[in-house]
Amino acid sequence: MVAALNAAIAAIRSEKPKSTVVLTGAGVSADSGIPTFRSEGGLWRNYRAEDLATPEAFARNPLLVWEWYEWRRSLVRDAKPNAAHLAIAKLPNTLVVTQNIDGLHQRAGSKEVIELHGNIFRTRCVREETRSEAPDPFENLPPHCACGALQRPDVVWFGELLPEGAFERAARAVRDSDLLLVIGTSGVVFPAAGLVSFHNGLSIEINPQPSAVSSSCTFAITASAAEATPPLVEAILDAGTHR
Ligand code: NAD
């Protein structure tokens, strides 16, 4: 980890990036105590995420899916942004493209965030498609809209399309940036994982495990997000060229 981190810092010092895009996945929030889908703590009542985060699972058993979301919502409510979220928020004029639905980048202070997969504290009426902020626990599950139809979490489930325009905007920003940081993503959830291929310049991954995008990045730092993100951000800020 130390050799790759030092090499990445040296590359930042020599290339002096003027712009950065940060692409994050569940791993950036692991250090805040929110389990990733594929970690041991990510299992709930022995269900796999792939068996709950689908439109089919919701159609079959909305109560079960909502019970899982209420558990996840309580974990996120109790969590705090970690050193990685806080460091990323120090980068001026930097777009964060996240697959996370936990809102921790915004809570850390990041201003420009594309949430590719929605937000766990918003609901959507399945009939009217209207969205509502829903930060507090529900008294009754599953929640219903005033129109009588079910509410669903306003998140993107496996097999669903991303919010309109979000991928295109993210892809343009990734292509046009000097530096891409890829933090805590397995690189197996598409289309988000495909964003890495839009970048031509310097790219740095932080992930304690090899991922499906490690070999596409210039440097792969095998470390936790909270450990390796702050020194990289300091190097970018020290270069003094970031707009
Ligand atoms: P994933 O669960 O598939 O993979 C997470 C990655 O993070 C893994 O490669 C793992 O090695 C890495 N990781 C684990 N601990 C880490 C740490 N401390 N620092 C850095 N990296 C670490 O997650 P994904 O690729 O983001 O995609 C799966 C889907 O899961 C996404 O669509 C996302 O919506 C959803 N999800 C979101 C949250 C959240 O909002 N916090 C949590 C779980 C899952």
Side-chain angles (χ1 to χ4, degrees), residues 1 4-5 22-44 47-55 57 65 68-69 71-88 96-108 110 113-122 153-163 166-167 170 181-196 204-217 219-233:
M1 111 99 173
L5 177 61
V22 188
L23 176 63
T24 65
V28 78
S29 296
D31 293 321
S32 293
I34 302 173
T36 67
F37 272 177
R38 284 155 247 272
S39 66
E40 252 176 52
L43 277 186
W44 173 81
Y47 289 97
R48 294 178 324 136
E50 289 86 343
D51 298 331
L52 295 168
T54 68
V65 172
W68 180 54
Y69 274 94
W71 171 69
R72 296 179 64 201
R73 282 157 50 90
S74 71
L75 290 179
V76 174
R77 220 177 267 119
D78 293 345
K80 289 193 180 57
N82 64 55
H85 299 107
L86 295 169
I88 293 164
V96 179
V97 180
T98 189
Q99 297 167 79
N100 294 346
I101 57 178
D102 57 30
L104 287 182
H105 286 297
Q106 293 93 324
R107 275 170 59 191
S110 284
V113 181
I114 296 182
E115 292 180 315
L116 291 173
H117 293 163
N119 192 293
I120 201 165
F121 293 120
R122 233 178 16 238
D154 191 23
V155 300
V156 176
W157 283 328
F158 291 109
E160 294 188 316
L161 296 175
L162 300 190
F167 183 85
L181 300 182
V182 184
I183 307 177
T185 179
S186 57
V188 298
V189 178
F190 279 83
L195 282 170
V196 177
I204 303 170
E205 179 190 52
I206 302 173
N207 195 318
Q209 307 288 332
S211 80
V213 291
S214 302
S215 61
S216 308
C217 292
F219 297 98
I221 301 170
T222 42
S224 80
E227 204 177 4
T229 311
L232 286 185
V233 166

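For ligands, and for the atoms within them, numbers begin at 1 and follow the listed sequence. If you read the sequence from its start, that first residue is 1, and numbering goes on from there. It should be emphasised that the depicted structure is a prediction, and the values quoted were computed from it without experimental measurement.
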Novice: Kindly give the heavy-atom pair with the smallest separation between Val28 and His105, and that separation in Å.
Specialist: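 Scanning both residues completely, I find the closest heavy atoms to be CG1-NE2, 3.9 Å.
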Novice: So, Asp31 side chain and Ala226 main chain: donor-acceptor pair closer than 3.5 Å or not?
Specialist: yes
Novice: Heavy atoms, side chains only, cut-off 4.5 Å: are His117 and Val189 in contact?
Specialist: yes
Novice: Do Phe167 and Leu195 have side chains that approach each other closer than 4.5 Å (heavy atoms only, starting at C-beta)?
Specialist: yes
Novice: Side-chain donor-acceptor pair under 3.5 Å between Ser29 and His85, yes or no?
Specialist: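 Present: a donor and an acceptor within the cut-off.
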Novice: Applying salt bridge (charged side-chain N to carboxylate O under 4.0 Å, His left out), name anything that partners Arg72, two or more places apart in sequence or on another chain.
Specialist: none
Novice: Which parts of the protein, at residue level, reach under 4.0 Å of ligand 1 through a heavy atom?
Specialist: Gly25, Ala26, Gly27, Ser29, Ala30, Asp31, Ile34, Pro35, Thr36, Phe37, Arg38, Arg72, Gln99, Asn100, Ile101, Asp102, His117, Gly184, Thr185, Ser186, Val189, Asn207, Pro208, Gln209, Ser224, Ala225
